[in-house]
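Just so we're clear, the structure is a prediction, and the values are computed from it rather than from any experiment.
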Amino acid sequence: MGCVNGKCCSRYPSSPDGGSDHCGELRPYKSKHILTKRSLEIVHVSSHNFTLQYSILTQLGYYQDRVESENQDSFCIKTQIQCNPNVHVFGVFDGHGQYGAQFSNFFNDRLVEILSSDSTLLDDPLKAYTSAFLAINSELHDSEIDDTMSGTTAITVLVVGDTLYLANDGDSRVVIAVKNGDQILAEDLSMDQTSFRKDEYERVKLCGARVLSIDQVEGENEGSDPPRLWIPNGMYPGTAFTRSLGDSTAEKIGVIADPEISVVKLTPNNLFFVVASDGVFEFLPNRTVVNMVAAYTDPKDACAAIAGESYTLWLENEDRTDDIIIIIIQIKALWIPVVGWWCHR
């Protein structure tokens, strides 16, 4: 979700388990709207002798009033950070506002540079991660790009051996597939940072934000538009998220760049994880995305199917679609030592 003054937002709240009646419906989909698609790529994690097979797909959103709009989403994939074969990063950055594309690309470029030069990265990944996000946010404020009403959300996964370090600012998501007997379950690794969350709502309210939907701002009590953040005496910036980078106006009412960070130890039951912008998850619940990935052997086909289904659902509910980026990372041949022997998936 973006802000009112720039990238529009859906009138439908996005949640991990809501927003679609298509759960479990798996159908091949070939979309003519795919603009950029990369081939399947592979990287080896030598410390634990497993591989990551990944594919990326980007799709430009459709806007009736902006036929020649640019994709404000960008992605980052950097393998062997600091020339270390066990350290890799995957990220998705969703720009918004007039200069959203510049912000997402700026963060993309700087994140790799900062992590690559940080000597403390492997000693304290959590501290290094937080420091990188805050440093880039400061650089954005000092840059020549106007961040008054523009910025970017960011979600990244740093792979260090068999451990995932997730850092999130905004409402893009990471979800991981977990094999449980004959079932494949979807486990949320991130939480959308919006005012739907009680903790985020209370935090921005304490900073002076008015939290109202567009319908409420216009004097209507009912409506399906998500709650947004407004300055006390004005109708801006209208952000639907509570954390981002840039967005200097929104910072004054509580939008912060401090990422929420989580740590996940991989097990042989983890099959793959998905990193994607909120354009994917607006109408597709996490569990549906995982089900669709599991239905395809090749993650390239799964990327195309998910993007196509997302595009269709956007146009069924809106007169536009959002930009989309999706990265699917399969975990292959993960071995875990268990009391003197090795467990292989």
Side-chain angles (χ1 to χ4, degrees), residues 38-57 75-92 108 111-130 132 154-168 172-180 184-190 259 261-276 289-290 293-294 296-300 302-303 325-345:
R38 288 170 46 148
S39 61
L40 179 66
E41 300 183 47
I42 300 174
V43 64
H44 187 65
V45 182
S46 59
S47 62
H48 290 75
N49 196 30
F50 70 95
T51 59
L52 300 174
Q53 294 185 172
Y54 57 91
S55 187
I56 314 99
L57 182 146
F75 68 88
C76 165
I77 293 179
K78 175 63 176 177
T79 59
Q80 300 188 12
I81 296 285
Q82 299 183 357
C83 298
N84 190 320
N86 306 308
V87 184
H88 319 283
V89 67
F90 301 87
V92 165
N108 184 348
L111 179 66
V112 171
E113 293 175 359
I114 291 175
L115 293 180
S116 296
S117 62
D118 191 336
S119 61
T120 70
L121 177 62
L122 299 184
D123 296 328
D124 193 344
L126 302 183
K127 182 178 179 181
Y129 233 164
T130 300
I155 193 160
T156 60
V157 178
L158 178 70
V159 181
V160 181
D162 64 345
T163 304
L164 306 183
Y165 296 90
L166 169 72
N168 181 35
S172 295
R173 293 183 190 169
V174 176
V175 59
I176 194 167
V178 182
K179 184 173 177 57
N180 183 18
I184 297 177
L185 307 179
E187 180 180 327
D188 307 337
L189 298 189
S190 63
I261 298 180
S262 56
V263 182
V264 178
K265 197 83 166 179
L266 294 175
T267 76
N269 291 325
N270 294 134
L271 306 179
F272 56 83
F273 60 95
V274 179
V275 188
V289 171
V290 165
V293 175
Y296 293 88
T297 302
D298 191 329
K300 298 193 305 295
C303 281
I325 287 188
I326 180 169
I327 310 173
I328 297 173
I329 304 100
Q330 294 179 328
I331 305 163
K332 296 291 187 181
L334 176 62
W335 292 71
I336 301 293
V338 181
V339 194
W341 55 283
W342 292 82
C343 176
H344 177 234
R345 190 193 69 235

- Task: Considering non-hydrogen atoms only, spot the tightest contact between K265 and N270 and give its length.
- Result: O-OD1, 4.0 Å
- Message: Going by side chain to side chain donor-acceptor pair (under 3.5 Å), name the residues that satisfy it together with S46, two or more places apart in sequence or in a different chain.
- Response: N86
- Message: Ring centres under 6.0 Å, that's the criterion: do Y129 and Y165 meet it?
- Response: no
- Message: So N180 and N269, do their side chains get closer than 4.5 Å, heavy atoms only?
- Response: no
- L266 and I176, any side-chain heavy atoms less than 4.5 Å apart: yes
- Which of these, I56, I328, V293, V274, sits in a side chain to side chain contact (heavy atoms under 4.5 Å, CB included) with P299? I328
- Query: Is there side-chain contact between L52 and F90, with at least one heavy-atom pair below 4.5 Å?
  - Reply: yes
- Message: Determine whether a donor-acceptor pair (N or O, by modelled atom type, separation under 3.5 Å) exists between the side chain of Q330 and the backbone of T297.
- Response: yes
- Might you point out which heavy atoms bring H88 and I81 nearest each other, and give the distance in Å? CA-CG1, 4.4 Å
- Query: Between S55 and C303, what is the shortest heavy-atom contact and its length?
  - Reply: O-SG, 3.7 Å
- Item | Of I329, L189, V275, V92, the residue whose pairing with V157 passes side chain to side chain contact (heavy atoms under 4.5 Å, CB included) | V275
- Shortest non-hydrogen contact between I155 and S172, atoms and distance: CD1-O, 3.5 Å
- Message: Tell me the closest heavy-atom pair linking V290 and L185, and the distance in Å.
- Response: CG1-O, 4.1 Å
- Message: So, using side chain to side chain donor-acceptor pair (under 3.5 Å) as the criterion, who are the partners of D124 when residues are at least two apart?
- Response: none
